[in-house]
Amino acid sequence: MTSILIKNIKRLVQTQKGNQLVRGEKMKDLPSIENAFLLTKGDRIADFGLMKNAPARADQEIDASGKFVFPSFCDSHTHLVFAASREGEFVDRIKGLSYEEISARGGGILNSARKLQKADEEELYDQALERLGEATHFGTGAIEIKSGYGLTVDSELKMLRVIRRLKENTDVIIKSTFLGAHSIPMEFRSDRKKYLDLVLNKMLPQIADEGLADYIDVFCEKVAFSVDETAKILEAGAKYNLPAKIHTNQFYSLGGIEMAVKYRAKSVDHLEVMTDEEIEVLKKSDTIPTLLPTAPFFLNQEHTPPARKMIDGGLGIALATDFNPGTTPSVKMPFVLSLGCIRLRMLPEEVVNATTINGAVAMDVENEVGSIAKGKIANLFISKKMPSIDYLPYAFGSNLVEKVILKGKVL
Ligand code: NIG
Ligand code: FE
């Protein structure tokens, strides 16, 4: 088994014990070791600690003087498989149209669906693989990827098969989510029940049968699915043992959070528009609020999630990119950390917790990744020389990820 010794690490970050969601006050604590070493053996973290206790040698040695070592980011919400970019809609928004207006006239998700339906699996896979490579170079080592640009039985299956191939052929830890209920295709707009029926009785059974999804998702929003429709989908998902991770409260508070909590959803994502009551509902649940600060930034949305209120109220939050061609054409986790600090007023330690261990919990991979611990998968990165942790979200224009290690192999 190949071993790598990373020596003279200025600070080895996120060495906390236990694999629980970090909540409330504790989000400010970021356990780490100064002047440290880390040893990998095969695909695992074999040991770490103070430099004075480092082993004499290993197959490969890396000097990390002046540099930080982080566990890889866990990006728990993305739409990484898509057929084409949508910069035309970006320009339409500059000219004054809103995201909802674009979507009401058949753009947005339906625009992506038309293109994806025409694309073949090979082409989708190649594009997705390239984007995943970009994600890893920004420090991501675990990622959740959704379907939802297929919106027909064949194309939803096609997307999920692409995700399965990424799982099988890369060293990134990947979870997949079935998002058939992302948008109602135009031809079903006069008979929504018919589309719901397709999702529940055609797509879901086949996807579950082939083991193609780990979670089920719904876009619960005025432009997409109602709270009642969301409930039907979560209930059906539960029958197939697919926990829910849902899109809700992006533009309106409609009751999606209460419904998600009722069905014990793994996470509720977006939350740009939140009431105090909804924060209270979350406090009484294990559902993880997942915030996606690059989406409202890119849409130039007035509202941002009340992260401070949530954390100060004791909640543990995760941060993710929401990488997709419509609302976040960026797979760059360090920028999510920066916006977490700038727009959500989170502290640097809080954004690191939210993108490592909490992101891992939000996609059920906390026993494998999300922190530096013996026996965990060696997915991590070495930073460039930096004066402090604070520098990472502060220097938002720099790429501070210097070297990436996935499953014990240097990229
Ligand atoms: O998370 N809100 C729904 N889904 C995506 C955007 C989808 C799109 O516009 O393509 C999101 O923002
Ligand atoms: Fe999303």
Side-chain angles (χ1 to χ4, degrees), residues 75-90 92-93 97-117 119 128 131 143-151 155-156 159 163 175-185 215-226 229-230 233 244-254 256 260 265-273 288-301 303-305 318-331 333 336 339 359 362-363:
D75 188 353
S76 66
H77 180 139
T78 83
H79 309 248
L80 178 129
V81 178
F82 53 87
S85 57
R86 296 198 333 237
E87 61 276 24
E89 294 176 2
F90 170 64
D92 288 342
R93 278 197 306 280
L97 280 182
S98 72
Y99 179 76
E100 285 170 285
E101 282 162 346
I102 293 168
S103 121
R105 64 166 199 199
I109 295 163
L110 295 184
N111 178 0
S112 281
R114 280 189 295 275
K115 301 212 171 93
L116 190 130
Q117 286 160 5
R131 293 180 199 128
I143 197 165
E144 181 261 15
I145 309 174
K146 301 171 194 296
S147 71
Y149 291 132
L151 309 184
S155 291
E156 282 295 307
M159 283 189 83
I163 303 171
K175 292 278 181 162
S176 66
T177 299
F178 169 49
L179 176 54
H182 200 187
S183 181
I184 308 251
Y215 301 101
I216 191 157
D217 192 348
V218 184
F219 184 17
C220 179
E221 191 58 60
K222 277 190 192 173
V223 289
F225 292 82
S226 70
E229 289 165 339
T230 300
I233 290 160
K245 287 171 75 64
I246 79 162
H247 283 77
T248 190
N249 294 55
Q250 184 175 9
F251 304 110
Y252 299 95
S253 156
L254 304 172
K266 187 78 210 176
S267 70
V268 281
D269 303 25
H270 270 294
L271 318 186
E272 280 85 335
V273 179
I288 302 168
T290 298
L291 312 181
L292 314 165
T294 39
F297 166 78
F298 184 70
L299 295 182
N300 199 16
Q301 208 176 322
H303 297 282
T304 45
L319 292 176
T321 58
D322 194 18
F323 178 43
N324 75 77
T327 68
T328 313
S330 161
V331 77
M333 277 297 261
V336 170
L339 284 189
M363 51 189 284

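Note that the numbering runs from 1 along the sequence shown for the chain. In listed order, ligands and their atoms are each counted from 1. A quick note: this is a predicted structure, and the numbers were derived from the prediction, not measured.
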Using the ring of each side chain (for Trp, its six-membered ring), is H79 parallel, tilted or perpendicular to H182, with breaks at 30° and 60°?
parallel
Nearest 10°: the angle subtended at the Fe ion (ligand 2) by H77 NE2 and D322 OD1?
80°
For T290 versus A320, what's the shortest heavy-atom pair and its separation?
CG2-CB, 4.2 Å
Ignoring hydrogens, what is the shortest heavy-atom contact between I184 and A224? Give both atom names and the distance.
CG1-O, 4.4 Å
What is the nearest protein non-hydrogen atom to atom 2 (N) of ligand 1, stated with its residue, atom name and distance?
Q250 OE1, 2.8 Å
Where do D269 and H247 land on the side-chain hydrogen bond (donor to acceptor under 3.5 Å, both in side chains) test, with the steps shown first?
CA-CA 5 Å; D269 303 25; H247 283 77; over 6 Å; no
Shortest protein contact, atom 4 (N) of ligand 1 (heavy atom only):
H182 NE2, 2.8 Å
Pick one of side chain, backbone, both or neither for how R86 approaches ligand 1, counting any non-hydrogen atom pair under 4.0 Å.
side chain
Looking at ligand 1, is there an atom of it that comes within less than 4.0 Å of some heavy atom belonging to Y149?
yes
Distance check below 2.8 Å: does H270 bring an N, O or S atom to the Fe ion (ligand 2)?
no
Proximity of Y99 and F298 rings by center, below 6.0 Å:
no
From atom 5 (C) of ligand 1, work out which of H79, E272, H77 has a heavy atom at the shortest distance.
H79
Minimum-distance protein heavy atom relative to atom 11 (C) of ligand 1
D322 OD2, 3.1 Å
Atoms in ligand 1 flagged as close to T327, the criterion being non-hydrogen separation under 4.0 Å
6 (C), 9 (O), 11 (C), 12 (O)
Ligand 1 to S112 polar contact by distance, N or O atoms, under 3.5 Å:
no
Just jot down the ligand 1 atoms closer than 4.0 angstrom to any heavy atom of Y99, in number order.
6 (C), 7 (C), 8 (C), 9 (O)
Any atoms of ligand 1 less than 4.0 Å from a non-hydrogen atom of H270? List them with their elements.
1 (O), 2 (N), 11 (C), 12 (O)
Determine the minimum heavy-atom distance between K266 and K245, stating which atoms define it.
CB-CG, 4.0 Å
Under 3.5 Å: donor-acceptor pair, side chain of Q250, backbone of F219
no
Do the rings of Y149 and F82 sit parallel, tilted or perpendicular, given the 30° and 60° boundaries?
perpendicular
